[in-house]
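The shown structure was predicted, so the numbers you read here are calculated from the model rather than taken from an experiment.
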Amino acid sequence: MKNFFRRKYLVKPGIQIRYIIILGIVMIVASALVFFIFFDALMRSPGMDQLSAGAMANFQRTYMTGFFWVTILFALFVLTQSVFYFHRIIGPLFYFEKVMKSLASGDFSVKVHSRQKDETKELAALINTLADNTRKSVLADRELIKQATVAMDAGDNKKAKELLEKVSLWAKVES
């Protein structure tokens with residue numbers, strides 16, 4: 001299996017865009033709450049009733065404009081960072097799906113390669129251990145079957161039976 005390079009940032013666009021939209025909605029709701037709470041607190045603060053109508057309108061316009069730009073810049077920063085963060089989680093999951101399909105088809109020569117900043121290094125190591133242990137066990141079983149075949153050809157059915165009883169004892173399965 002060739003090595004899959006995970007350089008695309010939207011490897012599973014449906015999932016990633018959905019989470020970005022959810023994050024955007026949460027940010028909009030949180031920003032609206034913060035805006036109205038602070039605006040209300042500022043308007044009720046002592047001395048605000050002393051301002052003229054023009055000064056009050058100028059204050060409100062300045063507050064809204066400043067809050068709007070700070071919120072937009074913060075939202076762009078957070079959404080951009082979330083694309084990279086989701087890439088560190090969803091990118092490896094996308095790769096794991098490809099590796100698991102290979103394993104399911106019987107190709108145990110695959111290896112999961114994790115990048116330095118991936119959040120799923122432990123899972124990658126476990127999948128590699130699973131593939132290695134399964135590959136080793138299958139090779140050991142094949143060797144036992146070869147030995148059992150040789151024993152049967154030699155007429156030693158007792159030895160062949162003993163060898164075949166050892167086949168696949170590594171797997172914990174229930175009947």
Side-chain angles (χ1 to χ4, degrees), residues 1-34 70-175:
M1 179 178 183
K2 65 181 180 181
N3 187 9
F4 291 100
F5 291 101
R6 293 173 282 140
R7 298 190 190 276
K8 290 174 32 180
Y9 284 95
L10 292 176
V11 292
K12 287 197 149 271
I15 293 171
Q16 288 175 277
I17 291 172
R18 183 175 11 153
Y19 284 121
I20 290 171
I21 289 171
I22 290 169
L23 182 62
I25 291 170
V26 167
M27 289 180 64
I28 289 170
V29 169
S31 296
L33 288 172
V34 169
V70 167
T71 302
I72 292 296
L73 290 175
F74 181 71
L76 287 174
F77 174 76
V78 169
L79 292 175
T80 302
Q81 287 300 314
S82 69
V83 168
F84 293 114
Y85 181 73
F86 289 145
H87 179 67
R88 290 183 196 149
I89 294 174
I90 294 174
L93 291 178
F94 175 73
Y95 185 65
F96 291 156
E97 285 179 6
K98 289 185 175 197
V99 168
M100 295 305 275
K101 285 178 184 174
S102 293
L103 292 173
S105 70
D107 179 7
F108 288 94
S109 65
V110 295
K111 289 280 189 192
V112 177
H113 304 283
S114 60
R115 298 170 296 187
Q116 185 177 7
K117 293 185 178 182
D118 282 348
E119 299 288 340
T120 55
K121 289 178 189 173
E122 296 85 8
L123 181 59
L126 287 172
I127 291 173
N128 283 335
T129 301
L130 167 75
D132 289 342
N133 289 345
T134 304
R135 182 176 45 256
K136 288 175 188 174
S137 297
V138 167
L139 291 173
D141 284 352
R142 286 181 182 169
E143 183 60 32
L144 287 171
I145 291 169
K146 282 181 190 176
Q147 291 175 9
T149 303
V150 169
M152 285 191 299
D153 289 344
D156 192 355
N157 289 337
K158 182 178 178 184
K159 183 178 179 182
K161 184 176 179 182
E162 288 173 3
L163 289 168
L164 290 175
E165 285 177 352
K166 295 177 184 177
V167 172
S168 293
L169 290 180
W170 63 270
K172 298 176 183 173
V173 294
E174 294 183 25
S175 299

Report task. Locate the shortest heavy-atom distance separating Ile20 from Ser82; write the atom from each residue and the value. Result -> CG1-OG, 4.0 Å
Query raised in the report: What pairs with Gln147 under side-chain contact (heavy atoms from CB on, under 4.5 Å), at least two apart in sequence or on another chain?
Result: Glu143, Leu144, Leu163
Query - Candidate pair Thr71 and Val34, rule side-chain contact (heavy atoms from CB on, under 4.5 Å), full reasoning - result: CA-CA 10 Å; Thr71 302; Val34 169; over 6 Å; no
Report task. Give the minimum heavy-atom separation between Ala131 and Val110, together with the two atoms involved. Result -> CB-O, 4.2 Å
Query raised in the report: Within a radius of less than 6.0 Å around CZ of Phe96, do more than 12 heavy atoms belonging to other residues, nucleotides or ligands occur?
Result: yes
**Report entry** Ser137 side-chain N/O to Thr134 backbone N/O, donor-acceptor pair under 3.5 Å
**Finding:** no
Requested in this report: Report the distance from atom CG of Leu79 to atom OH of Tyr19, rounding to the nearest 0.5 Å.
Outcome: 15.5 Å
Report task. Output the distance between atom OG1 (Thr120) and atom OH (Tyr95), rounded to the nearest 0.5 Å. Result -> 11.0 Å
Report summary line: Across all chains, not counting sequence neighbours, the side-chain contact (heavy atoms from CB on, under 4.5 Å) partners of Asp132 are Lys111, Arg135
Report task. Just do the side chain to side chain donor-acceptor pair (under 3.5 Å) check on Ser105 and Asp107 with the steps written out, would you? Result -> CA-CA 6 Å; Ser105 70; Asp107 179 7; 5.8 Å; no
Query - Nearest-0.5 Å distance that lies between atom CD1 in Ile17 and atom CD1 in Ile22 - result: 12.5 Å
**Report entry** Closest non-hydrogen atom pair, Met152 against Ala160
**Finding:** CG-CB, 3.3 Å
**Report entry** More than 12 heavy atoms of other groups within 6.0 Å of Met100 CE
**Finding:** no
Query raised in the report: From Met27 CE over to Ile25 CD1, what is the distance, rounded to the nearest 0.5 angstrom?
Result: 12.0 Å
Report summary line: Those residues at least two apart in sequence (or on a different chain) that pass side-chain contact (heavy atoms from CB on, under 4.5 Å) with Leu164 are Ile145, Ala148, Val167
